[in-house]
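Read the structure below first, then the notes.
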Amino acid sequence: MINQTFETLLSKVDDEGICVLTINRPEKLNALNNQVFMDLELALSKISNDESIKLLVITGAQNKAFVAGADIKEFSEFDSEKARNLSSRGQQVFQKIEDLNKPVIAAINGFALGGGCELAMACHLRVASTNARLGLPEVSLGLIPGYGGTQRLIQLIGRAKALELTLSGRFITAQEAYQIGLINHMGESAMDEAMKLAKLIVKQAPLALKNVILAINSSDSIHGYQNEAKLFGELFETEDFKEGTSAFFEKRKPVFSGK
């Protein structure tokens, strides 16, 4: 279990192995700064290695914002080199989220703007409250998204719509985000929707969930089909596969061990 105290994060794990990480800077609308990145990196490392944790939900403290963006005060005086390093740092941390060996759901409450929208896109799944507003308004600061947003947005909603949102910088509602495929579900409470989805997912075989993530993350590679076949084959050697098939034939619910 995570027993670490973080400066900018709150963490809790329930009996089903669902871990909730809350970015806890409500006075700054949970804006991303260097400390948030350090805390996220450490938390992700611990979660990855903790077998008791089956799934991660990332959200923001209070209901006004998931993450309202990057902390502009922290980088407003940067030169080009420092800015490139900042971008690379954010990309590395968000890639750790995308590559995590357990499903990650973003529970988007309120504003998810700029770096906050990029954080949500790095998660495997996204659910939002009906009051959520999402956007990449960096052009209004004379910038572009720098934490992987230009790359992930195309994958999620297509080139034309990605260009529209990043060139205009406009905010979109949860309803529009759902319609264009940026989020998976929406409801009155982002956390309630996230937990509904999480409880469905954690019932499944952990090693199969891990391999689904690996396979889909390699889908844009020329070796994507080969990788899928390799990951598919590996699972036939697992106890979970034997349990899953036995439960199917015996008409009962499987009890997976993650082995």
Side-chain angles (χ1 to χ4, degrees), residues 13-14 16-21 40 43-59 91-108 118-128 148 151-158 177-178 180-186 190-191 193-249 252-259:
V13 183
D14 69 12
E16 294 182 83
I18 299 170
C19 176
V20 177
L21 273 186
L40 273 174
L44 291 167
S45 177
K46 289 180 174 293
I47 290 166
S48 177
N49 294 314
D50 190 335
E51 293 185 0
S52 70
I53 295 176
K54 309 300 182 186
L55 181 147
L56 172 61
V57 175
I58 298 178
T59 193
Q91 289 173 2
Q92 288 167 6
V93 175
F94 288 0
Q95 191 62 47
K96 288 180 184 294
I97 295 173
E98 186 173 305
D99 292 340
L100 195 69
N101 55 3
K102 298 159 189 186
V104 185
I105 301 173
I108 304 167
E118 291 178 286
L119 169 60
M121 287 191 288
C123 298
H124 302 131
L125 300 167
R126 284 153 297 284
V127 300
Q151 308 305 299
R152 290 192 177 95
L153 191 61
I154 291 173
Q155 296 170 5
L156 291 169
I157 66 172
Y178 177 73
I180 64 176
L182 185 53
I183 63 173
N184 299 86
H185 297 282
M186 58 179 285
M191 184 55 68
E193 291 298 314
M195 293 305 289
K196 284 181 196 174
L197 188 54
K199 288 177 183 295
L200 287 175
I201 293 171
V202 295
K203 293 177 182 177
Q204 313 308 325
L207 293 175
L209 297 178
K210 173 185 173 183
N211 280 15
V212 164
I213 293 166
L214 289 170
I216 289 181
N217 281 358
S218 70
S219 63
D220 58 350
S221 163
I222 60 172
H223 303 297
Y225 284 101
Q226 290 174 289
N227 194 42
E228 180 187 78
K230 172 179 172 291
L231 294 165
F232 177 77
E234 285 178 358
L235 293 170
F236 278 69
E237 304 293 329
T238 67
E239 293 180 17
D240 278 352
F241 169 69
K242 295 170 186 174
E243 167 62 12
T245 51
S246 295
F248 175 81
F249 289 122
R252 60 176 175 82
K253 290 185 178 180
V255 180
F256 295 118
S257 65
K259 297 179 181 178

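Sequence positions, counted from 1, serve as the residue numbers for this chain. Keep in mind that what you see is a predicted model, and the values were worked out from it rather than measured.
The nearest pair of heavy atoms linking Ile183 to Ala128 is CD1-CB, 3.8 Å. For the residue pair Ile53 and Cys19, the shortest heavy atom distance occurs at CG2-CB, 3.8 Å. Residues Leu21 and Ala43 approach most closely at CD1-CB, 3.8 Å, considering heavy atoms. Ala106 approaches Cys123 most closely through the heavy-atom pair CB-SG, 3.7 Å. Of all heavy-atom pairs between Ala190 and Val127, the closest is O-CG2, 3.5 Å. For the pair Val93 and Leu44, the tightest heavy-atom approach, listed with the atom from each and the gap, is O-CD1, 4.0 Å.
Residue pairs meeting the salt bridge (Lys or Arg N to Asp or Glu O under 4.0 Å) criterion with at least one member in residues 196-210, sequence neighbours excluded, are Glu16-Lys199, Glu193-Lys196.
Side chain of Lys102 to main chain of Ile47: a donor-acceptor pair is present (N/O by atom type, distance under 3.5 Å, no hydrogens or angles). With Glu243 contributing its side chain and Phe256 its backbone, the two residues share no donor-acceptor pair below 3.5 Å. Using a distance-only test at 3.5 Å, with no hydrogens or angles considered, no donor-acceptor pair links the side chain of Asn184 to the main chain of Leu125.
By the neighbour-count criterion of 12 heavy atoms within 6.0 Å, atom OH of Tyr178 is sparsely surrounded, having that number or fewer from other residues, nucleotides or ligands.
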Carefully, step by step, assess Asp240 and Leu235 under the rule side-chain contact (heavy atoms from CB on, under 4.5 Å).
-> CA-CA 8 Å; Asp240 278 352; Leu235 293 170; over 6 Å; no
Evaluation steps, side-chain contact (heavy atoms from CB on, under 4.5 Å), between Leu153 and Leu182 | CA-CA 8 Å; Leu153 191 61; Leu182 185 53; 4.0 Å; yes
For Leu40 and Lys96, run side-chain contact (heavy atoms from CB on, under 4.5 Å): C-alpha distance rounded to whole Å, both residues' side-chain angles, the deciding distance at 0.1 Å, then the answer.
-> CA-CA 9 Å; Leu40 273 174; Lys96 288 180 184 294; over 6 Å; no
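Residues meeting the side-chain contact (heavy atoms from CB on, under 4.5 Å) test with Ser45, sequence neighbours left out: Asn49. Contacts of Val212 classified as side-chain contact (heavy atoms from CB on, under 4.5 Å), with partners at least two apart in sequence or in another chain: Ile216. Evaluation of the side-chain contact (heavy atoms from CB on, under 4.5 Å) rule for Ile213 yields Pro103, His124, Asn217 as partners, not counting sequence neighbours. With sequence neighbours excluded, no residue forms a salt bridge (charged side-chain N to carboxylate O under 4.0 Å, His left out) with Glu239. The side-chain contact (heavy atoms from CB on, under 4.5 Å) search around Gln95 returns Glu98, Asp99, Arg152, not counting sequence neighbours.
Atom CD1 in Ile108 sits 7.0 Å away from atom CZ in Arg126 (nearest 0.5 Å). With values rounded to the nearest 0.5 angstrom, Lys242 atom NZ is found 7.0 Å from Glu237 atom CD. Within the model, atoms CZ of Phe241 and CG of Leu207 stand 13.0 Å from one another, a figure rounded to the nearest 0.5 Å. For the atom pair Ser219 OG and Glu228 CD, the distance stands at 10.0 Å (nearest 0.5 Å). In this structure, Phe232 CZ and Asn211 CG are separated by 11.0 Å, a value rounded to the nearest 0.5 Å. To the nearest 0.5 Å, atom CD1 of residue Ile97 and atom CD1 of residue Ile58 are 4.0 Å apart.
Taking 4.5 Å as the limit, some side-chain heavy atom of Glu234 sits within range of a side-chain heavy atom of Lys230.
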